[in-house]
Amino acid sequence: MNPVVHFEMPYDNRQRMAAFYQSAFGWQTQMLGEEMGHYVVAHTTETVDGMVSTPGTINGGFYERKPEWPAQHPSVVIAVDDIRAAMQQVAAAGGNVLGEPMEIPGIGQYVSFMDTEGNRVSMLQPLTRPA
């Protein structure tokens, strides 16, 4: 099976979003710069070398809401061994892959897709596959 390894949600104001999740849940955030699209990494659990240390938990991130992007709602990221093969499987199953994979430095290849129910979901071929 291909596990859910990450969540993503949009933000309108990243300072406000980070303050909310810190205050409400104790999450730690790391605000990335323009070269990473102002993405905000959210640590929701203890990590060791960037990987969660408690089985069954995931970390996530927040991206800046863009009027021209489709389906900007909370979504999950699924780890796959081969992103090109997974893209073909998504299309064969009735989904719609949104563009081409992008390289996330130090992380792996990433692409979003729409499932048959209109949900935006993403796939990640990580440099290191979670156990």
Side-chain angles (χ1 to χ4, degrees):
M1 285 191 243
N2 294 305
V4 172
V5 295
H6 191 76
F7 68 84
E8 293 187 311
M9 293 190 274
Y11 67 79
D12 290 314
N13 179 312
R14 72 185 195 157
Q15 298 296 333
R16 179 182 63 208
M17 173 276 301
F20 171 81
Y21 283 99
Q22 168 65 39
S23 178
F25 301 105
W27 293 3
Q28 301 296 312
T29 56
Q30 176 187 359
M31 298 196 186
L32 304 180
E34 185 174 349
E35 71 283 356
M36 294 298 289
H38 300 286
Y39 196 80
V40 179
V41 177
H43 297 280
T44 71
T45 187
E46 297 296 320
T47 61
V48 176
D49 296 324
M51 301 301 291
V52 298
S53 55
T54 304
T57 62
I58 63 173
N59 286 318
F62 294 82
Y63 58 90
E64 185 175 9
R65 191 181 319 270
K66 307 266 185 183
E68 66 277 11
W69 287 5
Q72 295 178 76
H73 308 287
S75 66
V76 297
V77 180
I78 300 166
V80 297
D81 291 324
D82 181 331
I83 200 161
R84 294 285 177 184
M87 291 167 65
Q88 291 176 345
Q89 290 172 316
V90 163
N96 180 31
V97 177
L98 303 173
E100 291 294 317
M102 64 179 277
E103 179 72 27
I104 301 174
I107 303 296
Q109 296 283 316
Y110 169 94
V111 70
S112 292
F113 64 93
M114 299 297 286
D115 72 7
T116 58
E117 307 311 303
N119 299 303
R120 186 185 63 80
V121 184
S122 301
M123 295 181 282
L124 173 71
Q125 179 183 322
L127 295 176
T128 304
R129 178 72 187 252

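Since the model is a prediction, treat every value here as computed from it, not as a measurement.
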Salt bridge (Lys or Arg N to Asp or Glu O under 4.0 Å) contacts touching residues 10-33 (sequence neighbours left out):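 Applying salt bridge (Lys or Arg N to Asp or Glu O under 4.0 Å) to every pair that reaches into residues 10-33, excluding sequence neighbours, yields Asp12-Arg65.
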
For residues 32-48, pull every pair meeting salt bridge (Lys or Arg N to Asp or Glu O under 4.0 Å), keeping only residues two or more places apart or in separate chains.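 Pairs touching residues 32-48 that pass the test: none.
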
Would you say [Y] ends up clustered with [X] if hydrophobic residues are merged whenever their side chains have heavy atoms under 4.5 Å apart, either directly or through other cluster members?
X: Val90; Y: Leu98; result: no
X: Ile58; Y: Met123; result: yes
X: Met9; Y: Val121; result: yes
X: Met114; Y: Tyr110; result: no

Distance check, rounded to the nearest 0.5 Å: [X] atom [atom1] versus [Y] atom [atom2]?
X: Met31; Y: Tyr39; atom1: CE; atom2: OH; result: 13.0 Å
X: Ile104; Y: Met36; atom1: CD1; atom2: CE; result: 6.0 Å
X: Gln28; Y: Thr45; atom1: CD; atom2: OG1; result: 12.0 Å
X: His43; Y: Trp27; atom1: NE2; atom2: CH2; result: 12.0 Å
X: Phe7; Y: Ser75; atom1: CZ; atom2: OG; result: 10.0 Å
X: Gln109; Y: Asp82; atom1: CD; atom2: CG; result: 10.5 Å

Taking it one step at a time, do Tyr21 and Thr29 satisfy side-chain contact (heavy atoms from CB on, under 4.5 Å)? CA-CA 9 Å; Tyr21 283 99; Thr29 56; 5.5 Å; no

Val77 versus Glu8: any side-chain heavy-atom pair under 4.5 Å?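 In short, these two side chains touch, coming nearer than 4.5 Å.
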
Report yes if the side chains of Thr57 and Thr44 come closer than 4.5 Å at any heavy-atom pair, otherwise no.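 When only atoms from C-beta onward are counted, Thr44 and Thr57 do not touch, as no gap falls below 4.5 Å.
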
If you compare all heavy atoms of Pro10 against all heavy atoms of Phe62, which two are closest, and at what distance to 0.1 Å?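 Closest pair (atom of Pro10, atom of Phe62, distance): O-CD2, 4.3 Å.
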
Minimal non-hydrogen separation, Ala79 against Asn2, with atom names: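 That would be O-CB, 3.0 Å.
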
Please enumerate all residues that pass salt bridge (Lys or Arg N to Asp or Glu O under 4.0 Å) together with Glu100, with sequence neighbours excluded.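 Salt bridge (Lys or Arg N to Asp or Glu O under 4.0 Å) check on Glu100 returns Arg84.
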
Could you walk me through whether His6 and Leu124 pass the side-chain contact (heavy atoms from CB on, under 4.5 Å) check? CA-CA 9 Å; His6 191 76; Leu124 173 71; over 6 Å; no

